[in-house]
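The block underneath contains the structure these notes are about, expressed in structure tokens.
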Amino acid sequence: MAKKKSLRSSEWFGGADKMGFVHRSWLRNQGYPDDYFNGKPVIGICNTWSELTPCNGHLRDFAEVVKRGILEAGGVPFEFPVMSLGETLMRPTTMLFRNLASMDTEESIRANPLDGIVLLTGCDKTTPSTLMGACSVDLPTIVVPGGPMLSGRFRGEKIGSGSMNWMIKEKQQKEGYTAADFTEAEVCVARSIGHCNTMGTASTMASMVEALGLTLPGFSSIPAADSRKKLYAQLSGRRIVEMVREDLTLSQILTREAFENAIITNAAVGGSTNLIIHLTAIAGRIGVDLKLPDFDALGSKVPLLVNLKPSGKHLMEDFFYAGGLPVVLKELKPLLRENALTVNGKKLTNNYNEAVCYDTDVIYTLEQPLQKEAGIAVLKGNLCENGAVIKPSAASQHLMKHTGKAVVFESMEDYHERIDTPGLDIDKNSVIVLKGVGPKGYPGMPEVGNVDLPKKLILEGVTDMVRISDGRMSGTAAGTVVLHISPESTTGGTLALVRNGDLIALDVEKRTLNLLIPEKELADRKAAWTPPAPVAERGYVKMYIDHVEQADKGADLDFLTGGSGSTVTRDLH
């Protein structure tokens, strides 16, 4: 039996005084009946739908399905919009606006008469931003992930929406692709509703929220176009009403154990390095002490079980047909924290006992994994005093221990101007160094770390090189790419001091990344360094630059860490 509790919404709708009249009467213009205001749980549907966010373009329809479930369970649904972040369109990067969207979510939830929350998410940043905001309020919350697209099909082959992006330059230079070829591919690569169909950041974040216990079991793997996605959305609407009655809040689910399960699961599915920065920020909002070394300690030795792009060859649709995340979580049971609670009221591992694998070429076992160790590796050294990360499952093994001469680009503009110049002094053993793309420097820490190789090396057959930066990399991308260097170059981190020709040593096994110059030379360069001028003087961007934390802390705004809770003591009249 669900326990009785005083509903938060009753503070708005339960009074027989002036304010009760005010709160109820204006909603009456929508034709709502009396029983909407008589003690039913009020559920907010936080919708990140936008026509400018194609990955979330179907969430308006999903909201109606969620409403059905809420009404069936005796709740009252109210849909509300928050800032939507479209990864493929927004400039300079959606990461600049993740924290702003989290503020929008947090304040929309806190300011309104809501007892429980459904987060409708999809594209990369819409999942962490809404979850960060919800954590700072800490009401009963469930996530409805929008789901991946169906597999792309182009000239008889499967292609991934996202992974294809990183092949454009190579196909132009080596295969002679024309504008007409790419126009045809554009239609074929994204042929249904949903987000990227690789194990990119969107699919990674969906898998993360299920591993955290915030979705109904099995929800994250279902393609957006599959009717079962709507079925689960309706069931989620029913379940959030029950969660309100049980007073099952986010802080009861998002324990340290839940975050450890997410890290372990991310390694097993070959998830994006972006999970690190988002999960760290989410932990900071809910009050769990999660640090960069935890990702290496907990996940780096976990085997890769899922054969999906960019670490493998299949796509999310294949993953679902093979059994999806439930199979992975069942396989990981010996490694997971079994007592972690989930939104259906059960322990995590108890939800997946009946999962069955239908394709062993897509989902492997712990005994016979695709790779023995696949989690994120966290590097330290004089080039990244507070840490940097690399994704071994997407890297080239022959480059995991490498020393090479730096070829330095001071900015993205500098890179674009010079990378394909015939006289550029670069070979396959060089280390491409990109500066000025960190949280403060760009600003917003864009997904540019996996920069394209120079045209002349592509024509020689070179397919990978060591690349290092203070930026991020798309979860759809691959390569031997060192990311998230902290402190970033714009704040005077050692990355700012690297010069052309300097030797850089990467040793992933030893977890080191070092600039090989004498300490005195390094100290002299530091003393001579001057910070660049800020790139903004007003508005949100200035506030972001002034307050954003470094990558190792999740790149949240320093004044947003933690939460304010759900209590609002003052009324509007």
Side-chain angles (χ1 to χ4, degrees), residues 1-15 20 23-49 56-82 105 108-122 130 134 137 139-147 193 209 214-219 222 224 226-250 253 342-346 566:
M1 294 288 290
K3 62 183 180 182
K4 289 276 187 180
K5 75 176 290 283
S6 176
L7 293 175
R8 182 174 180 267
S9 59
S10 66
E11 298 172 16
W12 277 259
F13 299 140
H23 296 315
R24 293 187 298 268
S25 62
W26 261 265
L27 282 172
R28 295 287 194 175
N29 77 348
Q30 301 298 308
Y32 295 134
D34 293 346
D35 61 0
Y36 268 43
F37 311 106
N38 293 336
K40 289 185 175 182
V42 176
I43 308 300
I45 302 173
C46 175
N47 200 343
T48 55
W49 171 87
N56 297 23
H58 57 301
L59 294 185
R60 175 178 277 177
D61 294 335
F62 274 36
E64 296 303 317
V65 179
V66 173
K67 288 177 188 177
R68 283 206 306 259
I70 292 169
L71 289 167
E72 289 165 350
V76 177
F78 287 112
E79 180 185 354
F80 64 94
V82 294
T105 303
S108 294
I109 293 171
R110 182 181 296 111
N112 284 293
L114 304 174
D115 302 307
I117 305 297
V118 180
L119 303 178
L120 300 189
T121 69
T130 55
V137 186
L139 294 176
T141 301
I142 197 168
V143 180
V144 171
I193 59 173
V209 291
L214 296 177
T215 73
L216 294 180
F219 201 168
I222 307 172
D226 194 294
S227 63
R228 284 164 285 195
K229 205 69 173 180
K230 289 186 175 180
L231 166 65
Y232 274 67
Q234 186 167 347
L235 295 177
S236 297
R238 294 180 185 179
R239 178 57 193 157
I240 188 60
V241 177
E242 296 171 353
M243 289 174 64
V244 169
R245 290 173 174 147
E246 296 166 6
D247 197 22
L248 181 54
T249 60
L250 273 172
I253 296 171
T342 69
V343 290
N344 69 354
K346 298 180 181 179
S566 63

**Fill in**
Smallest heavy-atom separation, V144 atom then S236 atom, equals CG2-CB, 3.7 Å

**Item:** A134 versus L119, closest heavy-atom pair with distance
**Value:** CB-CD1, 4.2 Å

For the backbone of [Y] and the side chain of [X], can you confirm whether one donor and one acceptor N or O come within less than 3.5 Å of each other?
{"X": "R68", "Y": "A233", "value": "no"}
{"X": "R24", "Y": "G15", "value": "yes"}
{"X": "S10", "Y": "L7", "value": "yes"}
{"X": "H58", "Y": "G146", "value": "yes"}
{"X": "T141", "Y": "L139", "value": "yes"}

Only counting residues at least two apart or in another chain, list the ones meeting side chain to side chain donor-acceptor pair (under 3.5 Å) with [X].
{"X": "T342", "answer": "N344, N351"}
{"X": "H23", "answer": "D571"}
{"X": "T121", "answer": "T127"}
{"X": "D226", "answer": "R228"}

**Request:** State which residues pass side-chain contact (heavy atoms from CB on, under 4.5 Å) with K229; sequence neighbours excluded, sorted by chain then number.
**Result:** F62, P145, F219, I222

**Item:** Those residues that, when tested against L71, pass side-chain contact (heavy atoms from CB on, under 4.5 Å) (two or more places apart)
**Value:**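 In terms of side-chain contact (heavy atoms from CB on, under 4.5 Å), with neighbours along the sequence ignored, L71 is linked to Y36, P77.
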
**Request:** Would you check if V343 and I253 make a side-chain contact, meaning some heavy-atom pair closer than 4.5 Å?
**Result:** yes

**Asked** Any side-chain heavy atom of L248 sitting closer than 4.5 Å to one from R239?
**Response**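 When only atoms from C-beta onward are counted, R239 and L248 do touch, with a gap below 4.5 Å.
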
Could you pull out all donor-acceptor pairs under 3.5 Å where a side-chain atom in residues 38-48 meets a protein atom, sequence neighbours excluded?
{"residue": "N38", "atom": "ND2", "partner": "D34", "partner atom": "O", "Å": "3.2"}
{"residue": "K40", "atom": "NZ", "partner": "D35", "partner atom": "OD2", "Å": "3.3"}
{"residue": "N47", "atom": "OD1", "partner": "W49", "partner atom": "N", "Å": "2.9"}
{"residue": "N47", "atom": "ND2", "partner": "L59", "partner atom": "O", "Å": "3.4"}
{"residue": "N47", "atom": "ND2", "partner": "E79", "partner atom": "OE2", "Å": "2.8"}
{"residue": "T48", "atom": "OG1", "partner": "N56", "partner atom": "ND2", "Å": "2.9"}
{"residue": "T48", "atom": "OG1", "partner": "L120", "partner atom": "O", "Å": "2.6"}

Report the residues that fulfil salt bridge (Lys or Arg N to Asp or Glu O under 4.0 Å) with [X], sequence neighbours left out, ordered by chain and then residue number.
{"X": "E11", "answer": "none"}
{"X": "R238", "answer": "E72"}
{"X": "R60", "answer": "none"}

**Request:** For the pair Y32 and F37, name the ring-plane relationship: parallel under 30°, tilted 30 to 60°, perpendicular over 60°.
**Result:** perpendicular

**Residues which pass ring pair (Phe, Tyr, Trp, His ring centres under 6.0 Å) with F80, listed by chain and number, not counting sequence neighbours** =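 Once residues adjacent in sequence are excluded, F80 has no partner under the ring pair (Phe, Tyr, Trp, His ring centres under 6.0 Å) criterion.
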
**Asked** Is the shortest distance from a Lys or Arg side-chain nitrogen in K67 or E64 to a carboxylate oxygen in the other one below 4.0 Å?
**Response** yes

